[in-house]
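As a basis for the values below, the full set of heavy atoms in this structure was taken, side chains included, without hydrogen atoms, waters or symmetry mates. We're numbering straight along the sequence, starting at 1. Not measured: the values here are computed from a predicted model.
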Amino acid sequence: MRVVLKILAAAAVVVVVVLIAGAIAIATVDVDTLIGPVKARVKEVTGRDLAIRGGADLSFSLEPKLVLKDVALANAPWGKAPALVSAQRLELRIALLPLLSRRFELIELALVGPVIALETDSAGRGNWDLGQAAMLPPAAAGSGAVPATFTTPLVSNLSVTGGSLTYRDAGSGHVTRIAIDKLALRSRDAQSPIAAQFSGKVDDVTVAVEGTLGSLDALLRQRWPYPVALKGTIDTTPTEVAAKISKENSTYVLNDLDLRVGTNAVGGKFSIVTGGARPKLVFGLAATRLAVADLPLPRATPGAATPTAARGTRIFSATPVDLSILRMVDADGRIAIGTLRLPNGRELGDVKVQLALVAGRLDITDARATMFGGTLAGSLAVDAAAASPSVRMRADGNGLDLGAVLTALGAPREVRGGKTELNVDLAMRGNSPQAWAGSANGSLRVVVGRATLTNPRLDLTSSLDKLFGAVNPFRASDPATELVCAVIRLPFANGIARVDRTVAFQTSKLGVLASGTLNLRDETIDFAIQPKVHSSIPVDFPRLTDLVRFSGPMTAPQVQVDAKASVAAIASVGAAVSTGGLSAIGQALWAKVEDGGATPCQIALGQKGATTTSTASARTAGSNPLDDVGKALGRIFGK
């Protein structure tokens, strides 16, 4: 027992002697003599000047702390920001025993209130590129003689509190802003794993993560692969990421990537190629299931949404879509998703996308998925490098389920059959949905096959139900409609589709043809629609509509029925509906069917008999049929 007490007493004496010696050393050290070597060493390894405008203090403890006030590290000569890094305080924790020999060894570095400005020039160089010598100890860097009073070992502990970081890309002009509440990197020594912690915001997204990294020594000496494992929350969404980082020339590769965001899990390989005009992302990613609602995507800023009144009068938003990210990076990659769940709950299966992005030009050359019971394949090209961006979209849908399509359009019906084909080929310009719709050139084509549609009770508050009830009088009496075919073929020119009998549908009892205009610029529709009962169907319902006009804003079109002409038509009905009392539009709509023997769907598709011109249609050639409605009705009723 006495031996133990003697050992403890001896140890206490040693500690007291060391503390006294440290106190004497600190008391006799001129802080100003330390600042000079610090600034000289920083200049030597970075080529940048370190300004210390607020002076320095050295406090005594088992690990003395040197505090530099109001410091700034100069930016690159071409940089826009006044400094690469500036801080209210730079705190350096120093090893005590080396200080007894007037040697300055750094244990921990802390930045308080820093402002970090990262930026690139037009050639893609970063202002943070200080050379490898800036990161390695003097011996490894081969930088020559170092003042005996100052050495720089690897700093294994770093902390940042209450700071900000900005990244400005010269190519796109885009600025990313990071608010740092706390950043801490800590390890036992330079050869041990690093415990990492970050909390703050990236732009407006709240981020809080922690985890482990490989050792600082391994990172600085580029001993690959370098392990990373972090978990936390991004905008309150639980997030985890694990990967092994390697570097090949100017390319950083994330192998064995395992990214989990909410319920989503994404794996594969991801690479970042540096050294060019823009960073380039190269990737091959796969996910069994991906729910878009679980992703921490940017959200609309409160108050920035389109006012309710404006939304009520417009379908396509005028809010610009930010395409600047397409100019920030290049990319080449593929994505495969087993099931993609959209925010509205709809699911797409077996999604595959191949894309390339170069200098603001995005080409999705091959995109395909299963949806609506069929398949959809297409391509998308977006040129965001031009002053007025351009968009080219192609899509082909095959075997789509009509019932699923109607539900998606907000008009659910119980449907059996009705396999649907969709073809879209549109070129557009602008940077908002409204601009794209108003400049659309190309075509949209929908063809529906045989189907049985149940006839639910009419909803008189629905414009579509009013329209279907007007053009199909059998709907009120028949439990179901036997659809033979339906065609919608819209040729767009500068956002306007002028329809000349390219919209039609045919049931077992009647056929319907339509002409008119669909204007996406001002979001209006003006169609003249005429149903015609098959000659074999007896007309025993109380009212047969000659002509229906479907017109007005697309958000609330009105249905107008030519009731008087209908009465006249019924009076002349024998085995079939006579055309004697039809208006000029009705004559123009059905003339080709009668002269060429084509069905309504064939007429709409431009097939059999579509080139036949009747006397009635010739009489109205060069005129807009919709303009003739009033004149024709006047003639019919002797006005």
Side-chain angles (χ1 to χ4, degrees), residues 234-235 237-241 243 254-272 280-299 321-323 325-326 329-358 361-382 384 391-410 418-426 428 433 436 444-446:
I234 298 179
D235 200 17
T237 303
T239 303
E240 296 184 37
V241 60
L254 279 68
N255 290 298
D256 301 331
L257 176 64
D258 183 7
L259 174 63
R260 299 175 184 272
V261 182
T263 61
N264 303 314
V266 180
K269 184 176 181 179
F270 193 95
S271 301
I272 303 174
K280 182 177 181 180
L281 311 180
V282 181
F283 54 88
L285 302 175
T288 302
R289 183 177 180 84
L290 191 69
V292 177
D294 280 352
L295 298 177
L297 300 174
R299 290 171 169 76
V321 176
D322 187 3
L323 300 175
I325 191 173
L326 300 183
V329 298
D330 291 344
D332 186 359
R334 65 184 185 280
I335 302 171
I337 304 171
T339 302
L340 176 63
R341 186 176 179 83
L342 302 178
N344 58 12
R346 193 169 300 121
E347 291 188 347
L348 282 63
D350 196 22
V351 178
K352 292 182 174 61
V353 177
Q354 181 79 38
L355 64 86
L357 174 61
V358 180
R361 295 175 176 85
L362 172 65
D363 284 300
I364 299 179
T365 53
D366 184 17
R368 57 187 65 247
T370 59
M371 62 182 300
F372 299 143
T375 61
L376 185 67
S379 62
L380 177 69
V382 180
V391 178
R392 179 69 182 268
M393 177 178 64
R394 294 187 176 94
D396 296 299
N398 292 291
L400 306 181
D401 183 76
L402 177 61
V405 173
L406 290 176
T407 299
L409 294 175
K419 289 301 181 180
T420 302
E421 293 183 3
L422 168 69
N423 306 101
V424 180
D425 187 353
L426 295 174
M428 301 161 282
W436 297 332
L444 182 148
R445 177 178 177 270
V446 179

*Test side-chain contact (heavy atoms from CB on, under 4.5 Å) on Leu281 and Ile272 and set out the steps.*
CA-CA 5 Å; Leu281 311 180; Ile272 303 174; 4.1 Å; yes
*Take Leu357 and Leu326 through the side-chain contact (heavy atoms from CB on, under 4.5 Å) test and state the conclusion after the steps.*
CA-CA 7 Å; Leu357 174 61; Leu326 300 183; 4.1 Å; yes
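A side-chain donor-acceptor contact under 3.5 Å links Thr263 and Asp294.
Between the side chain of Thr370 and the main chain of Gly349, a donor-acceptor pair closer than 3.5 Å is present. In terms of modelled atom types and a separation under 3.5 Å, the side chain of Asn264 and the main chain of Ala291 share a donor-acceptor contact. A donor-acceptor pair is defined here as one N or O able to donate and one able to accept, closer than 3.5 Å; such a pair exists between the side chain of Asp401 and the backbone of Gly403.
Looking at heavy atoms from C-beta onward, Val261 lies out of side-chain contact with Ile234 at the 4.5 angstrom threshold. In this structure, the side chains of Arg289 and Arg341 come closer than 4.5 Å at one or more pairs of heavy atoms. When side chains are defined from C-beta on, Val351 does not count as touching Ile335, because their heavy atoms never get closer than 4.5 Å. You'll find the side chain of Val391 reaches within 4.5 Å of the side chain of Leu380, heavy atoms only.
Within the model, atoms CZ of Arg361 and CG of Asp363 stand 9.5 Å from one another, a figure rounded to the nearest 0.5 Å. Taken to the nearest 0.5 Å, the OG1 atom of Thr365 stands 5.5 Å off from the CD atom of Gln354. For the atom pair Leu422 CG and Leu376 CG, the distance stands at 6.5 Å (nearest 0.5 Å). Going from atom CG of Leu400 over to atom NZ of Lys419 covers 8.0 Å, rounded to the nearest 0.5 Å. Expressed to the nearest 0.5 Å, how far CG of Leu444 lies from CG of Asn423 amounts to 8.5 Å.
With respect to Asp366 and Arg368, a salt bridge is recorded, a charged nitrogen being found less than 4.0 Å from a carboxylate O. Under 4.0 Å is where a charged nitrogen must lie from a carboxylate oxygen, and between Arg394 and Asp396 no such pair does.
Atom CZ of Arg260 sits in a sparse spot, with 12 or fewer heavy atoms from other residues, nucleotides or ligands closer than 6.0 Å. Other residues, nucleotides and ligands contribute over 12 non-hydrogen atoms within 6.0 Å of the CG atom of Leu342.
Scanning both residues, Leu402 and Gly418, for their nearest heavy atoms gives CB-O, 3.1 Å. The shortest heavy-atom contact between Leu257 and Leu285 is CD2-CD2, 4.0 Å. Taking every heavy atom of both residues into account, Leu355 and Ala331 meet most closely at CD1-CB, 4.2 Å. When all heavy atoms of Phe372 and Arg346 are compared, the closest pair comes out as CE2-CD, 3.4 Å. Contact record, Lys269 with Asn255: CE-OD1, 3.5 Å, taken as the closest heavy-atom pair. Across Ala265 and Ala287, no two heavy atoms sit closer than the pair O-CB, 3.4 Å.
Of the listed residues (Leu290, Val241, Ile337), just one forms a side-chain contact (heavy atoms from CB on, under 4.5 Å) with Val266, and that residue is Leu290.
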